[in-house]
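If you're wondering where the values come from, they're calculated on a predicted model, not measured in any experiment. Whatever order the structure lists them in is the order used to number ligands and atoms, beginning at 1.
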Amino acid sequence: MKQAKIILDRDYRISRIDERIFGSFIEHLGRAVYGGIYEPGHPLADELGFRTDVMEAVKKLGVPLVRYPGGNFVSGFHWEDSVGPVAQRPKRLDLAWFTTETNEVGLHEFASWAGKVGSEIMYAVNLGTRGPEQARDIVEYANHRGNSKYSDMRIANGRKDPLGIKLWCLGNEMDGPWQMGQKTAYEYGRVANEAAKMMKWVDPSIELVACGSSSSEMPGFGDWELTMLNECYENIDYVSLHRYYANPTGDTAGFLARTMDMDDFIKSVVSICDAVKGKKHSHKQLHLSFDEWNVWYHSREQDEEIWKREKWDRALPLLEDIYNFEDALLVGSMLITLLRNADRVKIACLAQLVNVIAPIMTRSGGGCWAQTIYYPFMHASRYGRGTALRAIVESPLYDCVDYEGVPTIDAVATQGDDGSLTVFCVNRDLAERCALELDLRSFGPLRMREHIVLHHDDVYAVNTEEKPDEVVPSTLPVVPVTDGKAQIALPPLSWNVLRFA
Ligand code: AHR
């Protein structure tokens, strides 16, 4: 059995955790909206056509923020198409995903759904094919009290009170050649700056996220951030990061080490933000919005086949990754990475929420079930609120293709406002249990309440509608805390939630 030690102190604070770090994402893509959250005629649909079983699954996850309506979709989207009488809304070809958007679900309907599941909306504006003017118009429509063209249009459409959307994305992945209206960093920085000024003149209380590179693997990563921030630094509040990981070669040890890359990515963007701050002699500090993160690769070939057969249908079953047990471990480690960087990462969105690279799956006309990745997210969202604490981890290390010295134990701790303590840790070791000594030196008397574990002997095990409980959490016996120390055994390849009161 391997040995490891984690030292925690209640004074080793990283930061207060912004609850928006547990956000997610619904795009008009595939069956996320149509056949996902919305399915009129389903036996469990409510009066608006929203599936109540899906809403219950979302509520259990605890998602305080949902990014909407895209993604790549937003770069060709006309927000006006999505409001007003449903029968009069146009059908549009969506060039992002080669489907037809019917606009049956639009801004008002989505706001009702978000209210029902207890989420705020993070709304992305189109800076691809459109510009600052349409961006300021939608802020006026959503947030202005009335007595102006667009706010009166909202009122006429049945919503007297403003929607009060506080958080806005200035476009999506504008550096990507796949994006409608792709821009250079300078072009984007200029347009983001002008849109930001006008949007904040309409509603000074809003916060804005500028597009960083669409991945740390983009050739322009770094230069993009420097150049665009040089143009818009003073008028924006957050820079976005997007990252998806894959394991096409079946190298589990290497796959689980990918959060080393995620951590480097975060630290690099922080450095660039602060370099621009220094260069500009600014007093303003930017924060990060990691507004797309997940595992994404299982469905890629399937999507190519779908597009060969049936482009332009409504709600094609795209990006329907079926997540296995090792994906859940990486998602757990990604959550640990976000919490460990809670001083600068204030917003994060698991991409996405339903059917499309999602923790929640549905069958049209049928059931709704939780994928493997649902569970670490639910645990982190439920028990990871309050203050993030730095865990000093003494762990065995391993080497893999991309990294040397990967700790087998990846961990972070959080302290709730009620004084409770939670340690999240992943044991990356493929075969061996780990004897973990938890040194809780400064917390006073503590009692272990629960040891939740997610483990499966098969890294490729998945949950399906027929077998929804193949990969589900269980509990292990709690251990005593003696002289401020607890000795805990972590199964090999496991996600662990150690809860103390
Ligand atoms: O989340 C799926 C897609 O991934 C989003 O539309 C896009 O922003 C990213 O490339």
Side-chain angles (χ1 to χ4, degrees), residues 23-34 36-37 63 65-77 92-99 101 110 121-129 167-183 188 192 209-221 224 238-246 262 265 288-304 306-307 315-323 327 331 334 347-361 371 373 377:
S24 188
F25 179 22
I26 294 268
E27 177 166 3
H28 279 254
L29 191 188
R31 296 191 310 122
V33 175
Y34 308 114
I37 62 169
V63 182
L65 183 77
V66 182
R67 186 166 177 252
Y68 178 82
N72 296 339
F73 168 80
V74 88
S75 295
F77 179 55
R92 291 251 191 200
L93 296 187
D94 166 27
L95 307 189
W97 302 108
F98 305 107
T99 54
E101 173 55 51
F110 189 75
I121 298 176
M122 176 188 201
Y123 195 89
V125 299
N126 175 357
L127 291 187
T129 61
L167 191 58
W168 298 76
C169 303
L170 295 164
N172 177 70
E173 297 190 348
M174 297 307 310
D175 59 333
W178 57 87
Q179 205 68 220
M180 288 172 263
Q182 181 196 5
K183 296 188 170 29
Y188 173 70
V209 183
C211 293
S213 303
S214 38
S215 151
S216 50
E217 288 189 329
M218 294 298 284
F221 167 57
W224 170 275
Y238 305 90
V239 175
S240 76
L241 294 82
H242 290 182
R243 197 68 174 94
Y244 297 96
Y245 293 113
M262 187 182 188
F265 185 22
L288 308 193
S289 172
F290 213 125
D291 46 44
E292 289 190 32
W293 68 268
N294 202 346
V295 173
W296 174 13
Y297 71 105
H298 299 284
S299 61
R300 292 208 186 247
E301 277 175 31
Q302 184 177 308
D303 290 347
E304 293 304 326
I306 292 172
W307 280 316
L316 294 173
L318 298 171
L319 280 68
E320 299 206 359
D321 273 44
I322 305 301
Y323 290 115
D327 297 330
V331 162
M334 292 177 92
I347 300 160
C349 302
L350 173 67
Q352 298 193 9
L353 188 54
V354 181
N355 287 334
V356 170
I357 43 175
I360 300 168
M361 293 300 290
Q371 297 229 56
I373 62 169
F377 188 93

What orientation do Tyr244 and Trp296 show, parallel under 30°, tilted 30 to 60°, or perpendicular over 60°? perpendicular
Take the angle between the ring planes of Trp307 and Phe98 and call it parallel below 30°, perpendicular above 60°, tilted in between. perpendicular
Could you list the residues that satisfy ring-ring contact (aromatic ring centres under 6.0 Å, His included) with Phe221, not counting sequence neighbours? Phe265
Partners meeting ring-ring contact (aromatic ring centres under 6.0 Å, His included) with Trp97 (sequence neighbours left out): none
How would you list, by chain and number, every residue that makes a side-chain hydrogen bond (donor to acceptor under 3.5 Å, both in side chains) with Ser75, sequence neighbours excluded? Gln179
Considering only heavy atoms, which protein residues lie less than 4.0 Å from any atom of ligand 1? Phe25, Glu27, Gly71, Asn72, Trp97, Asn172, Glu173, Tyr244, Glu292, Trp296, Leu319, Gln352, Ile357
In Å and rounded to the nearest 0.5 Å, what is the OG to NE2 distance from Ser216 to His242? 12.0 Å
